[in-house]
Trainee: 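Let me give you the structure first, and then I'll get to my questions.
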Amino acid sequence: VEDEFGNALYLKNLASDITLGGLYMLRNPPNFIELSAPELRDAEYEIDAFLMNLIQHSTSPPFIAKNLLQLHGFSNPTPGQVERVASAFMRGTFTKGDSTFGDGRYGSLGALAAAIALDSESVSPVLDEDPVHGQIREPLLKVIGVMRSLNFKRHPSVKFRHGLFDNMRYKIGQMIFEPPDQFGFFAQDYQPPGAIADAGLYSPESELLGMNAVVGLTNGMFSLHNFGLTTGFGGFGTFIKGGYEVGDTSSSVGYLSYKPSASDVNDKIDELSTLLMAGRLSDENKQVIFDAYTSFNATNGTEVAERVMMKLLTTTPEFHSTSTLRKTGAPRPVTPPPEKSSTPYKAIIYIHLFGGLDSFNVLTPHKNGGSCSLYDDYFEARGGVNGIGLRMDQILPIDGSTAGISGCNTFGINNMLPALKEIFDEGKGVFLANMGHLSKPVNKDNWMTETRTDLFSHHTMKKESHEVDAFKEGEGPGVMGRMLDVLARNGEAVGATAVNKRAAMIDGSPKTGRLPDIISADGLHKIYDNHWLSGKSQELRGHLESLHSLTDENSGIFGDKWSQSFTDIWNKTDALVESIRGVKTFSTFTTRLDTAGISSSLKQVSRLIQIRNERGAGINRDVFYVQQGGYDGHFDLANNLETRLPSLNHAVGSFWAEIKAQGIENQVTVLIGSEFGRTINPNSNSGSDHAWAGNYFMFGGELRGGRILGEYPTSFKESYPLNI
């Protein structure tokens, strides 16, 4: 037979139906593999058929079209544009004038690429005037763009094995082959608080506008122009062979060899505007660059003036976004810090274990001298001796009487987490058992039809866990952000900080304009230029402030977003770096046990807590978001946990000791959670798959600890009503 896409299919005339819960019936998927004599060829055929079935699903073309449009200049593509690109993907051809692209087959990437690049909305200059058109540019693309446009040349003495870039993920927030997880560097539906979210728009790349990325990108560009591609002063390069002398690139990996072809300064600016930002530089910012060039040329000569001109151009909102700007010229105000109240300090730290922690291998039943049959139930359900459950010698006993399960007055904690046991036994920690997203009560028969979310998706469930707003009743996206909004309205000075990665959990209402800080676990830096923006030498400051002056209501929204982020981060880091310099922790956060940066992240949080009175006008209510990834244990669960839990244990133990040493253990509460739990039954790869509820841990503050809250399962059998 022939399917709707013109492909010849050879079907075996055999139907096999299956029934789910007595309610749903569907045909068993075709099986290519002969189970009695499996062959690699058949496995390949089956995988190929499965992938084709996915790609030919009716939702795939618009999904692919929208996501690729977002990556190619359109943060908010119109439905018509998505439809046209999706249609080209399905037809396999795209025609523009007399030229046709693609090979006519479903899914042709040639047709897809041509449709994105040559669609009427892609080539229309009229849309450049639309304030919501365009995007924030990705940081790595900006770096590569400068190097290509300004003719980067590698020194012949530098071998390719030395590489070009070093630690870019930390410096700018992005590097090829180094995404924080399998979902990429940013979420396609990210809405930054403020005007963009208030308008119902998206700006995926704005998720990277953290302190470390904005400062790192700016300093790296300055260093590239000053010294070539080196490690010096925040540079992007891998090494430097000698000292640092501005203008001397001989010790670098390579240098920008571009020299303006024009002699007139206005022509130079126009040429660079074309090379670096497709001619988008506004007349007002051209004048700022002209004034800077004229000033530096008069006092320091043409070479210095040209270097300053190129450095300033790489800070402009037109370079960092694809917006067209309309400027008022008025100074851009810094988002003011809240006024501190007289109430005592309190903080919440959320540690997200991304990937779906197998938390039934964190909190387990215990034999309890043979009286607790639930342990045997658990161990058998997890596969027995050759399964994935924890043996008795792998768990540490804790008081489980509060779980209320007959015969099970003792529970167990994974022996790789002794810090959690110590905190629990100290009466300062509680387990929150069997927690998961729930919009209404459901049972084993109706959960699939009555649950209005994608339960087993990393992205969706992380979003749900961050929002805790099943009915969309809140004014802001994040649960802790909404808490801070209420506290701020009641006169508290609030702070929100995420380490390494922006998190919706701490975003409040877009109407407040309050933006969380995103800092690096590796340290804080401020925007710096060797000669003209350091110490008492601040010759660049006035020009930078003018480049980021206010825009009017018809100006591009993404350029305005960059300018406000740059201005706020520049001023905040100037003050923050001075405050945190020299701050020491009482505890040792060793980097030897720092899988996914969890130890260095909590160390940074503890230092920020120490300087709470110096942050802004002082902070009364703080929230922090920290993430440790890699818990998606589909394969070899034991190894997955062995490589991560010891680091988590060390980080939590060190942080708890640090908070006690600071004397504020009753003022700081820590919650450790994950986006969902995992299946009790093992899969065929000695792992577990995506499931629903999990067991999480909270400690500190004035908790009445030593308890297991919630309803821990009383059975792990398939027949148990809550086991789906």
Side-chain angles (χ1 to χ4, degrees), residues 1-61 63-64 105-109 177 181-183 355-358 360-361 377-391 444 448 454-459 630-644 676-692 716-720 723-724:
V1 297
E2 187 174 281
D3 67 11
E4 65 267 36
F5 302 103
N7 302 315
L9 299 179
Y10 301 91
L11 302 176
K12 185 176 182 180
N13 188 23
L14 177 67
S16 171
D17 296 330
I18 59 175
T19 302
L20 299 176
L23 297 174
Y24 309 99
M25 188 174 73
L26 66 152
R27 181 173 177 172
N28 212 8
N31 183 9
F32 288 65
I33 300 176
E34 179 62 51
L35 297 180
S36 61
E39 294 187 24
L40 178 61
R41 175 203 63 185
D42 295 334
E44 292 172 345
Y45 285 164
E46 184 164 324
I47 292 172
D48 189 55
F50 173 67
L51 292 176
M52 286 303 297
N53 185 59
L54 290 179
I55 203 71
Q56 290 178 344
H57 191 276
S58 60
T59 62
S60 292
F63 176 81
I64 292 169
R105 294 187 296 173
Y106 181 99
S108 168
L109 293 181
F177 309 128
D181 50 56
Q182 67 267 44
F183 303 104
L357 168 70
D358 193 313
F360 280 97
N361 270 15
D377 199 8
Y378 155 86
F379 195 68
E380 180 182 351
R382 305 230 77 179
V385 175
N386 296 316
I388 59 174
L390 296 183
R391 303 184 309 271
K444 197 167 186 174
M448 187 178 291
D454 191 357
L455 276 177
F456 311 119
S457 158
H458 287 289
H459 179 71
Y631 283 95
D632 199 11
H634 291 290
F635 305 92
D636 194 0
L637 176 64
N639 181 65
N640 176 279
L641 297 180
E642 286 170 6
T643 57
R644 287 164 180 81
F676 50 54
R678 305 194 76 84
T679 54
I680 300 300
N681 303 100
N683 60 28
S684 59
N685 297 301
S686 299
S688 56
D689 298 319
H690 301 181
W692 200 337
F716 290 96
K717 289 181 166 56
E718 286 288 338
S719 58
Y720 183 52
N723 188 353
I724 63 169

Trainee: Within the side chain of Asn683, is there an N or O that forms a donor-acceptor pair under 3.5 Å with the backbone of Asn685?
Mentor: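 Pair found, side chain donor or acceptor close to backbone of Asn685.
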
Trainee: Would you name the heavy atoms of Glu34 and Asp42 that are closest together and state the gap between them?
Mentor: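 Answer, listing the atom of Glu34 first, then Asp42: N-OD2, 4.4 Å.
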
Trainee: For a quick test of reading the model, state the closest non-hydrogen atom pair linking Ala381 to Pro682 and the distance between them.
Mentor: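 Shortest heavy-atom separation between Ala381 and Pro682 comes out as O-CD, 3.6 Å.
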
Trainee: Nearest 0.5 Å, what's the CG-NE2 distance between Asp454 and His690?
Mentor: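 One finds 10.5 Å between CG of Asp454 and NE2 of His690.
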
Trainee: Hey, what do you get for CZ (Phe379) to CD1 (Ile388), rounding to the nearest 0.5 Å?
Mentor: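 Answer rounded to 0.5 Å: 10.5 Å.
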
Trainee: Short question: side chain of Tyr378, backbone of Ile680 - any donor-acceptor pair under 3.5 Å?
Mentor: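 Judged by distance alone, no pair lies under 3.5 Å.
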
Trainee: Out of Asn681, Asn361, Thr679, which residue meets the side chain to side chain donor-acceptor pair (under 3.5 Å) rule with Arg382?
Mentor: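 So the option named by the test is Asn361.
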
Trainee: With side chains defined as the heavy atoms from C-beta onward, is the minimum distance between Phe676 and Leu455 less than 4.5 Å?
Mentor: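 Of all side-chain heavy-atom pairs linking Leu455 with Phe676, none is under 4.5 Å.
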
Trainee: For Arg678 and Tyr631, work out which heavy atoms get closest and say how close.
Mentor: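 Smallest heavy-atom distance, with atoms named: NH1-O, 3.7 Å.
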
Trainee: Checking Ser60 side chain against Gln56 main chain: does a donor-acceptor pair fall under 3.5 Å?
Mentor: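 Not a single qualifying donor-acceptor pair exists.
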
Trainee: Quick one: CE on Met52 to CD1 on Ile47, what's the gap to the nearest 0.5 Å?
Mentor: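 Here the interatomic distance stands at 14.5 Å.
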
Trainee: Are a donor atom and an acceptor atom from the side chains of Ser457 and His459 found within less than 3.5 Å of each other?
Mentor: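 No donor-acceptor contact under 3.5 Å links the two side chains.
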
Trainee: Can you tell if the side chain of Phe456 reaches within under 4.5 Å of the side chain of Asp689, non-hydrogen atoms only?
Mentor: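 Side chain of Phe456 against side chain of Asp689, heavy atoms only: no contact under 4.5 Å found.
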
Trainee: Kindly compute the distance separating CG (Asp358) from CG (Leu637), expressed to the nearest 0.5 Å.
Mentor: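 One finds 4.5 Å between CG of Asp358 and CG of Leu637.
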
Trainee: How many angstroms lie between OH in Tyr720 and NZ in Lys444, if you round to the nearest 0.5 Å?
Mentor: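 So the gap between those two atoms works out to 10.5 Å.
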
Trainee: Between Asn640 and Phe635 (side chain of the first, backbone of the second, donor and acceptor by atom type, cut-off under 3.5 Å), is there such a pair?
Mentor: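 Side chain of Asn640 to backbone of Phe635, a donor-acceptor pair under 3.5 Å: no, none is there.
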
Trainee: Distance from Leu641 atom CG to Asp636 atom CG, nearest 0.5 Å?
Mentor: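 Here the interatomic distance stands at 9.5 Å.
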
Trainee: Heavy-atom count around Lys717 NZ within 6.0 Å, excluding the residue itself: above 12?
Mentor: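 No - once you tally the heavy atoms of other residues, nucleotides and ligands closer than 6.0 Å, there are 12 at most.
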
